[in-house]
Amino acid sequence: MHIITLDGETDFDGWRKAARLMALNEVKPEDVTWTVRDGEPELFAASATDELPDVPQGTFNVPSKFVELAKAAILHRNPERFALLYRLLWRLRGHHDLLNIATDADVAEIIAMARAVHRDEHKMHAFVRFREVGREHKAHFVAWFEPEHHIVELAAPFFARRFADMPWSILTPDVCAHWDGHEIAITQGVAKSEAPTEDRLEETWRSYYAAIFNPARLKVKAMQTEMPRKYWRNLPEASLIKPLIADAARTTSTMIESEASEPHKPQKQEPAQDPSLQDLSMARKPAHDSIAALREEAANCRACPLWKDATQTVFGEGPQSATVMLVGEQPGDKEDLAGHPFVGPAGQMLDRALEEAGIDRAKVYVTNAVKHFKFVPRGKIRLHQKPNTPEIRACRQWYERELAAIEPELVVALGATAAQSVLGKATPINRNRGHLIEHDGVKVLVTVHPSYLLRLPDADARAREYARFVDDLKLAAGWLRRAHAA
Ligand code: URA
């Protein structure tokens, strides 16, 4: 029996070196025990692979996909992971395509482990909350987090990029990560009692969360999946969740009561005087694919580098039965933090214009051409950057899959980036607005982006352009009404 002692829970290089040496010496997986140095009896310390001869010229190749999966799976908390990885390495030597057999138990396990690790990394990006300490001397920001897996070193570069200007520490029971503005240092884990518990940032977080909380879009189950209860205790805004949900339930039941007297209209009924699209969306047949499944898949999208600095993927939202799909450019700062499209200033402008055009946003599917926030940090502010063509192309798969799942009758492209993604080529807005374009069997309306209106410095121009924007949206509403009246 060979006992291999790794230097730590995340010692991929140590595992790789030992695994290579053992495989070249034909040591079978069942003849190896893997341990980690921490807290291990001295007795084992000297054993490792010392007694195996090095085989410098010996070599074998494994697919790069294995290396990628192994680097993630080794961060899983399951103590059997080192043995699983060695078993797979052993088997891959004789069966190079093994990783393509999804039904193989070892393959399924390494894929599930790697996914769980990336999910945990994503949760850490989203749920770490810094508290300011040592204000009188030099401010330092400290967060407490309890990761499910050994992901602190993996997740830390994200915070270094995001909060490049502020010194921070993320304390966890496993290890702690520290950033001094230049480099990340990793130290031993600490007890929760060492993490600060209150400060002035908490109130800011709470009021921010209350401001972006939209009861009309509340889905408690989805929210709990995205923000599992175990993270709540370390989130300043968590104390608001219960009252906000209770409040939303009250609001919703009031809405249901007031709607109860309105009979549902059959599909071919004459359009109501009210141009709201509410009735049209009820007439839709159910779509085949699940937006929830797409959203989950997109949460780990790495098709372009934008995921690295963004907090999370902001996927589309709205009923799967919607007849209208609105496509924006990309999430902004607020959307990136909240995880929902169009909840910031451009979203408010859009909501107002939709209402004036007689379109009920709750019945529309709202998404973006690019699903991650692209920005450059300027001090504490994140300045929006327009996505480039490779980024738009990389993200188009999600728009295509949303389109296939929703099957809308009309797509409204808001601004040049959306038009480029929806129509598959650069499309000038002014020359193409004001009429519907037929594209791949779907009607498309191109118009300006609401943030263009927000940027106009002159009040007259802003009012004029806003009216044109509402007119464009009315065109969409009118076409749908006529289509359903026919
Ligand atoms: N701008 C967009 O294009 N999309 C959003 O979700 C927010 C702002």
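For the numbers below, each heavy atom of this structure counts, side chains included, while hydrogens, waters and symmetry mates do not. First listed ligand is number 1; within each ligand, the first listed atom is number 1.
- With respect to atom 4 (N) of ligand 1, the closest heavy atom belonging to the protein is Asn368 OD1, 2.7 Å.
- Judged by the shortest distance from any of its heavy atoms, His449 lies inside the 4.0 Å radius around the atoms of ligand 1.
- In this structure, the side chain to side chain contact (heavy atoms under 4.5 Å, CB included) partners of Lys425, at least two apart in sequence or on a different chain, are Thr427.
- Paired with Gln330 under the rule side chain to side chain donor-acceptor pair (under 3.5 Å), one option of Gln385, His372, Lys386, His384 passes, and it is His384.
- Distance from atom 5 (C) of ligand 1 to its nearest protein heavy atom, with residue and atom name: Gln330 O, 3.4 Å.
- The protein atom (non-hydrogen) at minimum distance from atom 6 (O) of ligand 1 is Phe342 N, 2.8 Å.
- The ligand atoms of ligand 1 that sit less than 4.0 angstrom from a heavy atom of Glu329 are 2 (C), 3 (O).
- Which parts of ligand 1 touch Gly328 is read off a 4.0 Å heavy-atom cut-off, strictly below it: atoms 3 (O).
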>> Please evaluate residues Glu391 and Arg396 with respect to the criterion salt bridge (charged side-chain N to carboxylate O under 4.0 Å, His left out), reporting the C-alpha separation (whole Å), side-chain torsions for both, the decisive distance (0.1 Å), and the verdict.
In response: CA-CA 9 Å; Glu391 288 152 359; Arg396 193 168 193 270; over 6 Å; no

>> Between Glu297 and Arg115, does the salt bridge (charged side-chain N to carboxylate O under 4.0 Å, His left out) criterion hold? Intermediate values first, please.
In response: CA-CA 10 Å; Glu297 206 183 319; Arg115 272 205 191 124; over 6 Å; no

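- Remark: Arg302 CZ is packed, more than 12 non-hydrogen atoms of other residues, nucleotides or ligands lying under 6.0 Å away.
- Looking at Arg468 and Glu465, a side-chain N of the basic residue comes within less than 4.0 Å of a carboxylate O on the acidic one, giving a salt bridge.
- With a 4.0 Å cut-off on non-hydrogen atoms, Glu335 touches ligand 1 through its side chain and not its backbone.
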